[in-house]
Protein chains: 2
Amino acid sequence: MTTQMKPPLDAELRSFVGYRLKRAMNVFSSDLAITLRPFDLRMITFSTLSSVVSNPGIRQSQLAETLAVERPNLVSIVDELANRDLIERKRDDADRRAFGLFATEAGTALFQDATRAVMQHETQILSALSEQDIETLTALLARIEQAK
Amino acid sequence: MTTQMKPPLDAELRSFVGYRLKRAMNVFSSDLAITLRPFDLRMITFSTLSSVVSNPGIRQSQLAETLAVERPNLVSIVDELANRDLIERKRDDADRRAFGLFATEAGTALFQDATRAVMQHETQILSALSEQDIETLTALLARIEQAK
DNA sequence: CGACATGGTTATGCAAAATAACTATTTTGT
DNA sequence: ACAAAATAGTTATTTTGCATAACCATGTCG
């Protein structure tokens with residue numbers, strides 16, 4: 001007698017790439033949240049910190065644009081990081097409406113530690129994929145993103 | 001003079017697959033939401049309807065498990081579809097705690113129309129990818145999902 | 001100078017997602 | 001057979017993410 005494998009209840013949905021994308025994303029992000037918890041960071045605060053570390057002096061409006069976050073929502077995110085002295089708002093003398101954002105030493109250090117953890121997380125969750133697979137995946141995702 | 005391409009402000013983040021995944025997912029899902037609007041369906045109600053059409057008699061608890069939705073949150077989703085007479089709750093005589101869910105004729109019809117639209121949407125948003133690419137992507141996403 | 005645009009903020013609303021606690025029914029263990 | 005535990009569904013509540021409108025301060029342009 002052959003082993004009869006009954007199809008999952010979402011078999012039809014699995015024919016949609018969008019559904020697969022969402023499922024993979026859920027696994028990935030809930031797992032990543034756990035990785036970031038020890039640093040008291042969420043995905044969005046990690047992303048924000050990353051962009052500030054890599055782009056000293058970046059403005060909130062640029063950040064909002066970059067991370068696809070509404071400006072009003074970015075305020076509390078920046079507040080949170082600033083209150084923890086991980087980043088600083090410095091008034092821009094040339095345009096006194098704007099702030100330049102800068103990571104503090106503590107912010108840079110935390111970011112480096114968190115980055116190591118995130119990289120470890122990625123290699124762990126992607127352990128079933130080869131380097132080549134990951135490049136392929138990245139390229140395919142980029143093409144979807146550009147399809148906008 | 002060579003054209004100088006300055007790196008995007010999220011260049012570092014783009015080295016993370018998780019970030020790419022999220023960005024691609026955002027494009028995909030906000031676009032899909034527009035596709036579903038004419039049918040007055042959201043991603044989750046479409047998914048629910050799909051599972052009910054494909055699995056007549058499925059229970060809410062199975063549905064919640066399948067779609068990775070908390071049971072309490074599924075109640076209002078099922079309510080919504082039931083109020084629109086797209087699905088029906090029928091008491092299970094064998095286990096009178098449970099309901100079996102069934103799509104009505106109208107529900108099945110709407111689902112078929114919506115499915116056509118979603119399939120069209122997918123071919124459109126994935127138009128830059130070959131059949132082979134899509135299969136590859138699907139397989140890679142499945143492996144991430146299983147990495148749980 | 002006055003009109004308009006831009007950077008940041010506040011307030012607010014809405015929907016998604018999670019948790020606790022409850023009723024009704026079924027299953028389990030002795 | 002019966003008490004205890006488990007399961008199906010529900011209600012109520014909270015938290016969070018995401019979006020919009022309206023506002024202040026500053027800068028730009030006619």
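The sequence lines fix the lettering, A, B, ..., with proteins before strands; numbering per chain opens at 1. When reading the values below, keep in mind they use all heavy atoms of this one structure, side chains included, and skip hydrogens, waters and symmetry mates.
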Summary of protein contacts for nucleotides 17-26 of chain D, nucleotide by nucleotide, where a base hit scores B, a sugar-phosphate-only hit scores S (4.0 Å, heavy atoms): SBBBB---BB
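Not a single donor-acceptor pair under 3.5 Å links the side chain of B:Gln60 to the backbone N or O of B:Arg71.
Checking A:Ser54 against B:Glu12 by side-chain atom types alone, a donor-acceptor pair falls below 3.5 Å. Under 3.5 Å, the side chains of B:Asp133 and B:Ser130 contain a donor-acceptor pair of N or O atoms. With no hydrogens or angles considered, no side-chain donor-acceptor pair links B:Gln62 and B:Thr66 at under 3.5 Å.
Atom CD of A:Glu88 is separated from atom C1' of C:dG8 by 18 Å (rounded to the nearest Å). A:Ile77 places its CD1 atom 14 Å from the C1' atom of C:dG8, with the value rounded to the nearest Å. One atom, CG of B:Asp79, and another, C1' of D:dT10, lie 9 Å apart when rounded to the nearest Å. For the pair B:Lys90 NZ and D:dG9 P, the interatomic distance rounds to 16 Å; values are reported in whole Å. Straight-line distance from the CD atom of B:Glu65 to the P atom of C:dA17: 16 Å, rounded to whole Å. Distance, B:Leu74 CG to D:dG9 C1': 10 Å, rounded to whole Å.
The side chain of A:Ser61 contributes no N or O atom lying less than 4.0 Å from OP1 or OP2 of C:dT6. Side-chain nitrogen and oxygen atoms of B:Gln62 include none within less than 4.0 Å of the OP1 or OP2 phosphate oxygen of D:dA8.
Under the 4.0 Å criterion applied to side-chain N and carboxylate O atoms, A:Lys22 and B:Glu145 are not assigned as salt-bridge partners.
Counted within 6.0 Å of CZ on B:Arg91, heavy atoms from surrounding residues, nucleotides or ligands total more than 12; the atom is thus considered enclosed.
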